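Below is one structure; the comments refer to it alone.
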Amino acid sequence: MVRLKHDADLIQSIAELARSKGIEAGSFTAIGALKSARLGYYDQKNHKYREMGIESPHEMVSCIGNVSASEGKPFVHAHVVLADEKGSTKAGHLLEGIVFAAEVHLRQLEGLKLERKYDKVTGLWLWSME
Amino acid sequence: MVRLKHDADLIQSIAELARSKGIEAGSFTAIGALKSARLGYYDQKNHKYREMGIESPHEMVSCIGNVSASEGKPFVHAHVVLADEKGSTKAGHLLEGIVFAAEVHLRQLEGLKLERKYDKVTGLWLWSME
Amino acid sequence: MVRLKHDADLIQSIAELARSKGIEAGSFTAIGALKSARLGYYDQKNHKYREMGIESPHEMVSCIGNVSASEGKPFVHAHVVLADEKGSTKAGHLLEGIVFAAEVHLRQLEGLKLERKYDKVTGLWLWSME
């Protein structure tokens with residue numbers, strides 16, 4: 001459980017944390033606040049991400065994610081829910097999030113190897129089924 | 001940590017996973033995307049669930065839940081937050097969720113027995129207090 | 001994994017749970033329903049919390065938080081997403097939440113000492129960086 005650096009990108013910070021701790025597979029939750037963010041929504045029909053910019057400060061009311069391998073490197077997949085000063089929310093796949101403050105609980109899953117491979121049904125890079 | 005099957009129901013998939021792994025008590029988080037869902041809101045006064053259908057594709061931006069026993073069978077209790085292409089959210093108790101893609105981290109809580117029993121104060125099936 | 005008491009405050013209940021189990025550092029997730037709540041939004045510019053009262057019953061669709069020490073006592077930091085009967089959400093830093101029903105999975109992080117100290121960049125009480 002660690003605090004992330006002010007002004008760092010959340011996704012890159014967790015990828016770095018995983019690398020520095022030798023974590024190949026893991027799961028995390030985080031809370032805090034972001035200065036700005038870029039969210040994605042996956043168009044399930046056209047197999048494309050749509051992007052949304054969030055330019056104002058928000059509470060990060062939920063962040064759930066995982067670490068696995070993609071093309072041999074630690075890959076961070078995270079979804080967030082953000083809230084503004086009225087408690088209204090915006091949410092999606094987290095592409096980028098500039099940290100105001102963030103507390104992350106990252107759990108290493110030892111002995112687990114999860115490698116993302118292209119899945120043509122969804123157009124996403126997913127783990128193989130057991 | 002596993003990927004669920006495309007087109008399967010999330011609740012049933014996790015119940016099956018728990019059964020196949022012999023998990024009697026557990027806790028999980030999940031992220032992904034759903035093709036459609038059925039959400040519930042519990043009316044605290046009238047002790048009844050109201051249901052909402054979500055017929056369009058959404059990001060599953062948060063899914064938190066647990067596994068325990070109800071009438072001798074593994075019972076999955078999950079709450080979700082869903083987001084549409086504008087990042088707007090719909091959320092509630094997950095009654096049914098058709099998986100587009102889903103990544104689940106299920107943790108077994110060994111030695112724990114949690115049996116749901118009817119609680120007349122809330123009208124819900126809850127665990128006994130310690 | 002435990003059920004919290006009906007009509008208790010969620011934050012105080014988890015602080016008590018941590019105290020009674022000797023948990024100095026931990027992480028938790030919870031789901032359930034609240035009768036009412038008080039949420040906070042941190043104004044990143046003026047370094048002040050703004051408060052919002054939620055006076056009606058809501059599903060607690062997500063609650064993510066942690067336990068650490070602040071001035072020698074267990075301190076609970078939690079963020080929630082709440083949903084009403086239409087599935088619409090309100091979310092923020094949880095200042096107070098009156099439990100209708102709540103299921104909490106609290107994990108002790110043994111050997112970890114996290115002490116909150118005043119951070120002048122954010123105006124928040126944060127853990128020291130590694």
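Remember, predicted model here, so these are calculated numbers, not experimental data. Order of the sequence lines sets the chain letters (A, B, ...), proteins ahead of strands, with each chain counted from 1.
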Fill in the blank from the handout: What one should report as the nearest heavy-atom pair of B:D119 and C:R3 is OD1-NH2, 3.7 Å
Handout entry: Under 4.5 Å from any heavy atom of chain C - which part of B:S62
Key = side chain
Practice task
Report yes if some heavy atom in the side chain of C:H105 is under 4.5 Å from a heavy atom in the side chain of B:N66; otherwise report no.
Solution key: no
Exercise for the section: Taking the side chain as every heavy atom from C-beta outward, state whether B:R107 and C:R107 have any pair of such atoms under 4.5 Å apart. Expected result: yes
Handout entry: Atom pair CG (C:D84) and CZ (B:R50), whose distance is rounded to the nearest 0.5 Å
Key = 9.5 Å
Exercise for the section: Look only at the side chain of B:K90 and the backbone of C:K86, and say whether a donor-acceptor pair between them is shorter than 3.5 Å. Expected result: yes
Completion exercise
When every non-hydrogen atom of B:S27 is compared with those of C:M1, the smallest separation belongs to CB-SD, 4.1 Å
Exercise for the section: Decide yes or no for B:L126 and C:E103: does some side-chain heavy atom of the first lie under 4.5 Å from some side-chain heavy atom of the second? Expected result: yes
Problem - Non-hydrogen side-chain atoms of C:I64 and B:I64 separated by less than 4.5 Å - result: yes
Exercise for the section: Grab the two heavy atoms, one from C:I31 and one from B:G65, that are nearest each other, plus how far apart they are. Expected result: CD1-CA, 4.0 Å
Practice task
Measure the acute angle between the ring planes of B:H47 and C:F100, then classify it against the limits of 30° and 60° as parallel, tilted or perpendicular.
Solution key: perpendicular
Problem - Pairs of heavy atoms under 4.5 Å with chain C: top-ranked of B:H77, B:H93, B:K45 - result: B:H77
Handout entry: Contact leader toward chain B among C:S88, C:C63, C:A83, where contacts are heavy-atom pairs under 4.5 Å
Key = C:A83
Fill in the blank from the handout: Cut-off 4.5 Å, heavy atoms of chain C, and the answer for B:V80 is backbone
Handout entry: B:I54, part contacting chain C, at a heavy-atom distance under 4.5 Å
Key = neither
Handout entry: Heavy-atom pair with the smallest gap, counting every atom of B:M52 and C:G87
Key = SD-N, 3.4 Å
Handout entry: Side chain / backbone / both / neither for C:A33 at chain B, heavy atoms under 4.5 Å
Key = both
Exercise for the section: Kindly say whether B:Y42 contributes a backbone atom to a donor-acceptor pair with the side chain of C:E59 at under 3.5 angstrom? Expected result: yes
